Amino acid sequence: MTLADLRKAGVVTSQEIVAAIDVYLRDPMAGPYRFDSGHSVDIAALVNATPAFAAVD
């Protein structure tokens, strides 16, 4: 499932997604963010896997 799927299903909230992004912006090396539901997301891995972010300096 994607974050969008989890959000639409009510498994994670928009506020939790924003919190995960905030943690990454404060510390890109923080590692995966765990949601209250038990799901986790590694924002750094997503950024590193997205070619468009490679062009951003």
Side-chain angles (χ1 to χ4, degrees):
M1 294 184 84
T2 66
L3 277 178
D5 294 334
L6 293 171
R7 170 64 188 98
K8 287 177 190 173
V11 176
V12 298
T13 66
S14 296
Q15 291 83 5
E16 288 178 298
I17 295 169
V18 169
I21 294 166
D22 285 345
V23 168
Y24 168 75
L25 290 174
R26 279 184 265 142
D27 181 8
M29 303 304 290
Y33 181 88
R34 183 160 304 277
F35 297 103
D36 290 340
S37 65
H39 292 83
S40 63
V41 62
D42 188 341
I43 301 291
L46 293 171
V47 168
N48 291 332
T50 304
F53 287 115
V56 176
D57 203 8

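In this chain, numbering begins with 1 at the start of the sequence shown. All figures in this text were calculated on a predicted structure; none of them were measured in a lab.
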*asked:* Minimum heavy-atom separation for Ala44 and Pro28, please, with both atom names.
replied: CB-O, 3.6 Å
*Measure from the side-chain N and O atoms of Asp5 to the backbone N and O of Thr2, and report whether any donor-acceptor pair falls under 3.5 Å.*
yes
_Transitive ILVMFWY side-chain link Leu46 to Leu25, under 4.5 Å_ = yes
*Who are the ring pair (Phe, Tyr, Trp, His ring centres under 6.0 Å) partners of Tyr24, not counting sequence neighbours?*
none
*Phe35 vs Leu3 side-chain heavy atoms within contact, under 4.5 Å*: yes
*What distance separates Ile43 CD1 from Asp27 CG, expressed to the nearest 0.5 Å?*
13.0 Å
_Please report the interatomic distance CD(Glu16) to CZ(Arg34), rounded to the nearest 0.5 Å._
12.0 Å
_Heavy-atom pair with the smallest gap, counting every atom of Ile17 and Arg7_ = CD1-CB, 4.1 Å
